[in-house]
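The block underneath contains the structure these notes are about, expressed in structure tokens.
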Amino acid sequence: MSNSANPCQIGLIGLGVMGKNLGLNLADNGYSVAAFDLDNEKVQGILDQDSAERGDKAPRISGCNSFEDMLAKLEKPYLIVLSIPAGKPVDIVCGKLLELGLSLDDIIVDTGNSLWTDTVEREQKYQGKFTFFSCAVSGGEVGARFGPSLMPSGNKSGWARLEPVLHAISAKVDPATGLPLENNQPGKPVTQGEPCAAYIGPAGAGHYVKMVHNGIEYADMQLICEAYQTLRTALDLQPKEIAEIFRAWNKGPLNSYLIEISAEVLAQDDPVTGEPIVDKILDVAGQKGTGLWTALSSLEIGSPAMAVTASVYARGLSGLKDNRVKAAKILSGPAETKVCDSEKEAFIKRVHDALYCSKICAYAQGFELMKKQGELQGWDLDFAAIAKIWRAGCIIRAVFLQSITDAFNKNQDLENLLMDDFFASQIDSFQANWRESIVDGVRLGVPMPCFTSSLSYYDSYRSETTAANLLQGQRDFFGSHTFERTDQPRGEFYHINWSGDRDQVRIK
Ligand code: 6PG
């Protein structure tokens with residue numbers, strides 16, 4: 001507990017689920033925390049939890065009843081962690097702390113899902129006043145409590161001070177196996193292993209990388225949902241049977257947290273009716289916006305993250321529930337919607353392979369997007385390090401991320417994951433089933449927006465020639481937008497005099 005002779009090392013503002021768990025995680029790792037929330041009940045909540053977990057040991061967390069109280073309990077220079085909603089609240093709280101007096105050595109760390117451009121602006125705005133640093137957090141409430149994946153960015157002096165703290169509280173990976181070192185016991189943090197926290201780059205870089213993490217998360221979740229819907233529709237399987245299929249898949253290359261929790265959800269009965277809970281959950285998806293941001297960014301900079309965009313649209317379509325209910329009564333589908341029992345095993349294997357190949361494409365798109373934005377912003381991103389810190393703690397953690405780490409360790413300049421020998425050969429081995437599974441879906445009328453867009457991405461990416469030549473011809477025809485020629489150097493532009501003699505003009 002803090003007193004003037006023994007002040008707290010870290011101030012924590014915002015004690016919602018994430019903030020409270022980050023506070024307890026910091027305390028487990030030996031940091032004394034001065035915790036504040038505008039809601040007094042939340043302050044009491046973290047104190048009660050601390051008291052329940054620490055047994056007869058001394059309190060590790062000091063509750064604060066105001067910003068002033070928190071600052072008075074902190075050692076200087078201040079290290080203040082914000083776990084508050086992204087957007088305006090971050091500016092309001094920074095403004096308030098500034099009013100109360102901050103100095104250049106003080107650090108405020110934003111751990112919310114902030115828009116990366118806001119983070120860039122904030123760092124500039126507060127320069128010369130205090131150090132504004134960001135640390136994007138993935139892993140949900142359990143991650144925050146026992147070890148999240150952390151994506152910090154900002155100035156290097158901020159990182160030097162924060163590095164030991166963030167390494168301590170992050171998830172850890174066994175360097176020998178690349179697998180997470182599991183931890184779920186209060187008071188017993190994992191201290192060995194490779195920490196899932198690495199300096200990402202200057203302000204904004206960490207939040208951008210977290211945004212893309214979430215975009216990939218959207219795609220990964222949607223792909224799993226498409227696999228589920230295909231199995232359910234075509235084979236008439238019960239949720240528990242699909243849970244078993246997912247559990248079997250979780251022993252192979254698809255091993256991931258998202259497959260594991262999908263199986264948990266499918267195996268769960270509704271405590272009210274006893275029926276499968278998944279059948280009682282309304283099929284309307286929520287979203288907080290990071291998937292949309294990823295899709296928008298990919299469109300803006302021309303780096304196709306089609307799996308992410310398709311999954312954002314899929315959530316949009318889910319929201320058209322009333323329309324879908326009406327349309328289901330009017331619009332027809334194929335006559336055949338089931339496959340016979342004798343085809344079952346092969347059908348399931350095809351869905352597995354389609355999910356795996358589509359997943360490779362979704363990750364390839366995410367890493368390509370970070371590469372392009374990194375180049376535009378001059379961030380010098382280390383993709384092997386990014387893949388490494390996603391191996392544990394975060395929502396997209398998966399065995400597969402070790403293969404991505406290996407790919408970038410082999411070649412840091414890899415332009416696309418699909419070009420890595422391992423991933424190219426994986427798709428080579430499984431693509432026949434991927435294509436067949438999509439044919440199955442199309443034939444049976446099962447929507448597969450993410451499976452199909454991933455395959456189109458793959459087929460487009462491997463095409464030396466696309467139909468964009470015709471497109472350039474169309475643009476030149478109706479708008480004199482000009483085109484480059486295949487037999488002339490890039491950067492030389494030509495136009496056909498379509499409405500006149502149809503001769504070619506070189507545009508100077
Ligand atoms: C994470 C999660 C986390 C949050 C998502 C939910 O990495 O811990 O991604 O950030 O749960 O933002 O996003 P949606 O509500 O948009 O699905």
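Counting convention: from 1, in listed order, for ligands and their atoms alike. Computed from a prediction, not measured in an experiment: that's the story for all the values here.
- Of the protein's non-hydrogen atoms, N113 ND2, 4.4 Å is the one closest to atom 4 (C) of ligand 1.
- Those atoms of ligand 1 that come under 4.0 Å of a heavy atom in H213, given as number and element, are 7 (O).
- Under the 3.5 Å distance criterion, with hydrogens and angles disregarded, a donor-acceptor pair is assigned to the side chains of N113 and K210.
- S114 places no side-chain N or O within 3.5 Å of a backbone atom of W116 that could act as its donor or acceptor partner.
- E217 OE1, 2.6 Å is the protein heavy atom nearest to atom 9 (O) of ligand 1.
- Interface atoms of ligand 1 facing N214, defined by a heavy-atom separation under 4.0 Å, are 5 (C), 7 (O), 9 (O), 10 (O), 12 (O).
- The shortest heavy-atom distance from G140 to ligand 1 is under 4.0 Å.
- Distance remark: protein heavy atom present below 4.0 angstrom from atom 17 (O) of ligand 1.
- Protein heavy atom at the shortest distance from atom 8 (O) of ligand 1 is G139 N, 2.9 Å.
- Between E194 and K172 no salt bridge is recorded (no basic side-chain N to carboxylate O distance below 4.0 Å).
- Considering backbone and side-chain N/O of K288, one or more are found under 3.5 Å from N/O of ligand 1.
- For the pair R60 (side chain) and V33 (backbone), a donor-acceptor distance under 3.5 Å is absent.
- Polar contact check, G286 against ligand 1: no nitrogen or oxygen pair lies under 3.5 Å apart.
- Comparing R315, M151, E141, K210 by heavy-atom distance to atom 3 (C) of ligand 1, the nearest is K210.
- What sits closest to atom 7 (O) of ligand 1 on the protein, heavy atoms only, is S138 OG, 2.5 Å.
- Ring centroids of Y313 and Y218 are separated by 6.0 Å or more, keeping the two rings apart.
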Decide yes or no on salt bridge (Lys or Arg N to Asp or Glu O under 4.0 Å) for R145 and E53, but give the supporting numbers first.
CA-CA 12 Å; R145 179 65 188 87; E53 288 182 2; 2.4 Å; yes
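- Between the side chains of N29 and N25, at least one donor N or O lies within less than 3.5 Å of an accepting N or O.
- Proximity to I395 (heavy-atom distance under 4.0 Å) selects the following atoms of ligand 1: 1 (C), 2 (C), 7 (O), 8 (O).
- One side chain, T273 or D270, offers a donor N or O that lies under 3.5 Å from an acceptor on the other.
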